Structure formats: structure tokens, C-alpha cells
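In this text the structure is predicted, and so the values were computed from the model without any measurement. Note that ligands are numbered from 1 as they come in the structure, with each ligand's atoms numbered from 1 the same way.
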Amino acid sequence: MSQLKFNITDVSVNYGPFTALQGINMEVKQGELVVLLGANGAGKSTIFRAISGLTKPKKGEIQFLGKKVNGMSPDKLVKLGIVQCAEGRKLFPEMSVSENLQMGGFVHRKNKKELKMIMEHVYELFPILKEKKGDHAGSMSGGQQQMLAIGRALMSKPKLLMLDEPSLGLAPLIVKQMFEIIQRINKEGTTILLAEQNASAALKIADRGYVIENGQIVVKGSSDELLNNQEIRKAYIGA
Ligand code: ATP
């Protein structure tokens, strides 16, 4: 199997006259958990949108496994192994928890046995989803919906799982659980790119990180380097 390699090279994005991203360079390697840190409006979601083809870069290229992926349709990206779990969750609220998971496994729908195994694994990661498998997704709490969104993304067997602010709006105890599960998913072999405002919790589980301000990467380094960087601590950790 070829080594997973994901590269963003010199990507710039404009919204009309507004420059949202300028010359972004990032890479994620096989097995890594990489965090993209930044305040509200810094450009994290725009990077995710550029990767998933929702926003067209003015310049630059995004490559996965040696292929150019910017401009690819979302279903092609999923088939290739890039799966995004969006902020705001985008579940099917009237469908049950298990139906939502089945939708996530659509690309592998021919392999029923494998889908069943993945679903069992999702239920093991998130026991609450098993408990509520017959309930409407829309009836669950915000934290449970976030877990379902991640579970649904896992159903498509991602090679690169992109998580946009999975801790947003969750109670502190649930945030802790969420980060532990994200770390476990990574340790079990899924490469992860995580966008977060919660710098301290994210850096504790990540291998490396990038900090984005006003559409530009201003610092990058190992999690330890970033955790020990006084300016990062002041700006993002509050210590
Ligand atoms: P958040 O955590 O709030 O999602 P973010 O770091 O993900 O923040 P982006 O959503 O990528 O930030 O936004 C980057 C900048 O681009 C912001 O200044 C935002 O106001 C602007 N922006 C985002 N979407 C659009 C759009 N469709 N049209 C114009 N400007 C936009």
C-alpha cells in the first residue's frame, strides 16, 4: 500500500474581494493526528471547504495520494478516502441513529458483512449510539449528535478523517470524552486533521499543529513545541 500523503501547497482563497486564505502550506502524513488551531474567523473552515471542493482556491493545489483533489466532487473524495465531518453536523434528523450510520456506509453498500463490522465498532466507540440506535437523530443532545456525525464518517472507512470543531458547544465532560475517542480512532490507524479552537485539549492528543491567523499559517510545530510556546499559550491557552 502506498503511504498516505496529504499536501496543501500554496493555497489561496478569496471571497469576492476578501482574501480568506493566503499561501497556505500544510501536510499530513500516514497515521498522524494534526491539529489546525485558530480563532473564530481565522480561516479553518475555509481550508476544509477548499479541501472538500465547496470553495475553489484562486491559486495552489491540494494533493492526496499523489492526486490533485481540489475540484473533485464530494463523492469522489469519499471514495478516495477523504471524509469530512462538518461543524454543524448535517445529520438526517428524521432518520434513526442506525439509518444515519448506514447512510455513512453508502460507498461500501455492497459489502454488507464489512459494514456490519464497522457499525459494531462504531457502537463500541460510542455506546450511547447503540443504546439509541432506533431513536431519531434529531432527538438527541448536541454531544450525541456530534458522536453520530463522527460515527457516520467512520462508516465510510476514511483514510483521512477531517473533523471541524468537534468540541464546539459541548459540555466540558463530553469534550474530554470526545477528545479521548478522537485519539483512539487515530491510534487505531485513521489519519486525522482536526480544526479546533480548544487549543489545549487538541494539542494534548495531536502529533503536530499549525496555527492560522487572518488566513495565514503563522506558526507550525510539534504539539510539545506549540504547548511550550509562550505566545501560543497567551493567545490560545490563556496561561
Ligand atoms: P469559525 O470557527 O468561525 O468557523 P474559521 O477559522 O473557520 O472560523 P472561516 O469560516 O474559514 O473561519 O472564515 C474565514 C474568513 O472568511 C472570516 O473572516 C469570514 O468572515 C470570511 N468568510 C467565510 N465565508 C465567507 C463567505 N461565504 N463570504 C465572504 N466571507 C466569508
Tell me whether ligand 1 is touched by G38 - counting only heavy atoms on the residue side and a distance under 4.0 Å. no
For T46, the ligand 1 atoms whose distance to one of its heavy atoms is below 4.0 Å: 9 (P), 11 (O), 13 (O), 14 (C)
Check the side chains of D164 and S45 for a donor-acceptor pair under 3.5 angstrom, ignoring hydrogens and angles. yes
Report yes or no: do S52 and Q84 form a side-chain donor-acceptor pair below 3.5 Å? yes
If I apply the N/O under 3.5 Å rule, does F18 come out as touching ligand 1? no
N186 side-chain N/O to E32 backbone N/O, donor-acceptor pair under 3.5 Å: yes
Go through H136 and E94 one step at a time and tell me if the side chain to side chain contact (heavy atoms under 4.5 Å, CB included) criterion holds. CA-CA 6 Å; H136 282 166; E94 297 302 324; 4.0 Å; yes
Using heavy-atom distances, let me know which of G41, A42, A50 sits nearest atom 8 (O) of ligand 1. G41
Has ligand 1 got any nitrogen or oxygen that is less than 3.5 angstrom from a nitrogen or oxygen of A20? no
Please name the pair of heavy atoms, one in I150 and one in P166, separated by the smallest distance, quoted to 0.1 Å. CD1-CB, 4.4 Å
Out of all atoms in ligand 1, which are within 4.0 Å of some heavy atom of K44? Include the element for each. 2 (O), 5 (P), 6 (O), 7 (O), 8 (O), 11 (O), 12 (O)
Run the contact test for A39 against ligand 1 with a 4.0 Å cut-off on heavy atoms, strictly below, and give the result. yes
In ligand 1, which numbered atoms sit nearer than 4.0 Å to a non-hydrogen atom of Q197? 2 (O)
Check this for me, if you would: do E180 and K176 make a salt bridge, where the nitrogen-to-carboxylate-oxygen distance has to be below 4.0 angstrom? yes
